[in-house]
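Everything on this sheet refers to the single structure shown next.
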Amino acid sequence: MDDSTTPVTDSATASGLPALTDLVPLLLPHLVAWMPAQRWYAAKSAAPSDVCLVASAVVAQTGRDQVLDVVVRVGTAPRTTDYQVPLVLSPADAAPAAHGDPAAEIAVLAVPGGSVRVQDATRTAVGRAALLGVVVDGREIAGDGLRLRGEPVAGRGRGRIVSSRLLSGEQSNSSMIVELDGAAPVIAKLFRVLQSGDNPDVVLQGALDAAGSEQVAPLIGAARVTWGEGADADESGHALFIQEFLTGVEDAWRVALRDAVAGVDFSAGARSLGEATARVHRDLADRLPTLDPSPAERERLVSSMLARLEEARAEVPAVDAAAEPLAAVIRRTLDVAWPPFQRIHGDYHLGQVLAVPDRGWVLLDFEGEPMRPLAERSLPDCPVRDVAGMLRSLDYAAGAVLLEHATDVSAWAARARDAFLAGYREIAQIPDDDAVFAVLLAAFEADKAVYEALYEARNRPAWAPIPLAALERIAG
Ligand SMILES: Nc1ncnc2c1ncn2[C@@H]1O[C@H](COP(=O)(O)OP(=O)(O)O)[C@@H](O)[C@H]1O
Ligand SMILES: O=P(O)(O)O[C@H]1O[C@H](CO)[C@@H](O[C@H]2O[C@H](CO)[C@@H](O)[C@H](O)[C@H]2O)[C@H](O)[C@H]1O
């Protein structure tokens, strides 16, 4: 990459700014106030308690701006969460690094001899350039309990930065879009919650890209972070993930909704989505570990579905009413032979797929359900889970049209469902009369609808009728 950042010695004094460690007592109260207001802050209902700064490193010094990567730990052991909070420090008399983004400022700290402005690096051009540079230039940075190492895909994403911005919207991470001169634009996802272990987004999309799959955006690279001291010194995971930013695209949820409302048949799109899903499963099974589930593994998975059902029935009366037949649908899977487990998308729905001209369907966000522990999300799983996730999503599209436009498009949804399954079955070579597939599909659809009933009860009660209608159908 060719940008305006200069190589860094990790000396804070070279910048004329106080070292971060000297600013911590002043900065922490501001972080405590600022973090809960951010979309990526996980425990929305609670203000952070027991907050400490556990690691930091200077990433770049650009003029008077110093870009740091910082890990902030919230909570008390063993229930702590480590957040990645890159910052820009500048003398307060310098022009703010975030031109025109008032949300960037976290604090202005009065220190002997002047004041220091602290900003959210993802909201500043200088911060975004520095973070991208770590990956694209394959840099290795060491600081106070924190090391960052860029792992670029050779020859990709190199070009002068023309402009950059933070993606707005409801996201659990922070995605930055960077326009380059001489190369396609890129999107850099900064993982906000750091967890030990490889991030599935990087592992799965990396494997698919290496397999030459058209169903993911080209990978630009990733950065690995090691943080913590003493007993925690081994914490190591992914900090950043960068891929090509595909322009002029729409997500499949929008496409499906528009077609459903307009009465336009979605079968062709659904069929090719089924085919794309099966190709992704095939490439993942070729490149990453698979396993033949032992009876114990099958029972573990079935138990987790039944536990989800118990949780939902305690909160949602309609789930309670249908609980016995739903449990029977789930338990039926114990009587059949399961296909091999493999790595899957894990949180698959229409909003996770882009319609890309000249490329077809492109899948995004392979992190799995964000609330499940990383270790669990990194295990091989049953591929039918993804098939069921997408079928539920097609049913949701019809449900949304019924709720919001009072139009019954159930025939549209049935055709789309059949087409998706036909496309998936053809590539995955699953015969139409495969009884095992039918039993597993019913169970995973039931499980997803149970999860959705709880999700809607908690977050979007007006849409609760969508999964509840599905549960009623499944329970017969
Ligand atoms: N490669 C890409 N090209 C175009 N848009 C993308 C790309 N990757 C992500 N996006 C957009 O960014 C949004 C958020 O990305 P996602 O990976 O789902 O982040 P998060 O894990 O924070 O939800 C997506 O819904 C999509 O609109
Ligand atoms: O976006 P996330 O991956 O965090 O997933 C959560 O929110 C989704 C809502 O956006 C929710 O998905 C449900 O609603 C979708 C339509 O809005 C539909 O396409 C999905 O099939 C349905 O499950 C998801 O369940 C929840 O975890």
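As the structure lists them, so they are numbered: ligands from 1, and atoms in each ligand from 1.
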Handout entry: Contact (N/O only, under 3.5 Å) between Tyr396 and ligand 2
Key = no
Handout entry: ligand 1 versus Glu244: contacting region, heavy-atom distance under 4.0 Å
Key = backbone
Fill in the blank from the handout: Per-atom filter on ligand 2: closer than 4.0 angstrom to a heavy atom of Glu452 are 21 (O), 22 (C), 23 (O)
Practice task
Give the contacting part of Leu246 toward ligand 1: side chain, backbone, both or neither, where contact means a heavy-atom distance below 4.0 Å.
Solution key: both
Exercise for the section: Could you list which atoms of ligand 2 come closer than 4.0 Å to a heavy atom of Tyr455? Expected result: 6 (C), 7 (O), 8 (C), 9 (C), 11 (C), 26 (C)
Handout entry: Under 3.5 Å: N/O of Lys448 near N/O of ligand 2
Key = no
Problem - Test log, rule side chain to side chain donor-acceptor pair (under 3.5 Å), inputs Trp338 and Thr333 - result: CA-CA 8 Å; Trp338 291 45; Thr333 60; 4.6 Å; no
Practice task
Give a yes or no answer on whether the side chain of Arg359 reaches the backbone of Val216 with a donor-acceptor pair at less than 3.5 Å.
Solution key: yes
Handout entry: Close approach, Arg460 and ligand 2, non-hydrogen under 4.0 angstrom
Key = yes
Fill in the blank from the handout: ligand 2 to Ser393, heavy atom cutoff 4.0 Å, flagged ligand atoms 18 (C), 19 (O), 20 (C), 21 (O)
Completion exercise
Out of Asp365, Val249, Leu364, the nearest non-hydrogen contact to atom 26 (C) of ligand 1 is supplied by Leu364
Exercise for the section: Name all residues meeting the ring pair (Phe, Tyr, Trp, His ring centres under 6.0 Å) criterion together with Tyr348; count only those two or more places apart in sequence or in a different chain, and write none if there are none. Expected result: His345
Practice task
Before signing off on this row, confirm whether Asp347 and ligand 2 have an N or O atom pair separated by under 3.5 Å.
Solution key: yes
Handout entry: Close approach of Leu354 to ligand 1, heavy atoms, under 4.0 angstrom
Key = yes
Problem - Flag side-chain contact, heavy atom, 4.5 Å: Asp101 against Thr124 - result: no
Handout entry: ligand 2 N/O within reach of Tyr451 N/O, cut-off under 3.5 Å
Key = yes
Practice task
Inspect the surroundings of CD in Glu472 and state if more than 12 heavy atoms from other residues, nucleotides or ligands are less than 6.0 Å away.
Solution key: no
Handout entry: Ion pair Asp418/Arg415, N-O distance below 4.0 Å
Key = no
Problem - More than 12 heavy atoms from other groups under 6.0 Å of CZ on Arg298 - result: yes
Handout entry: Part of Leu167 within contact of ligand 1 (heavy atoms, under 4.0 Å)
Key = side chain
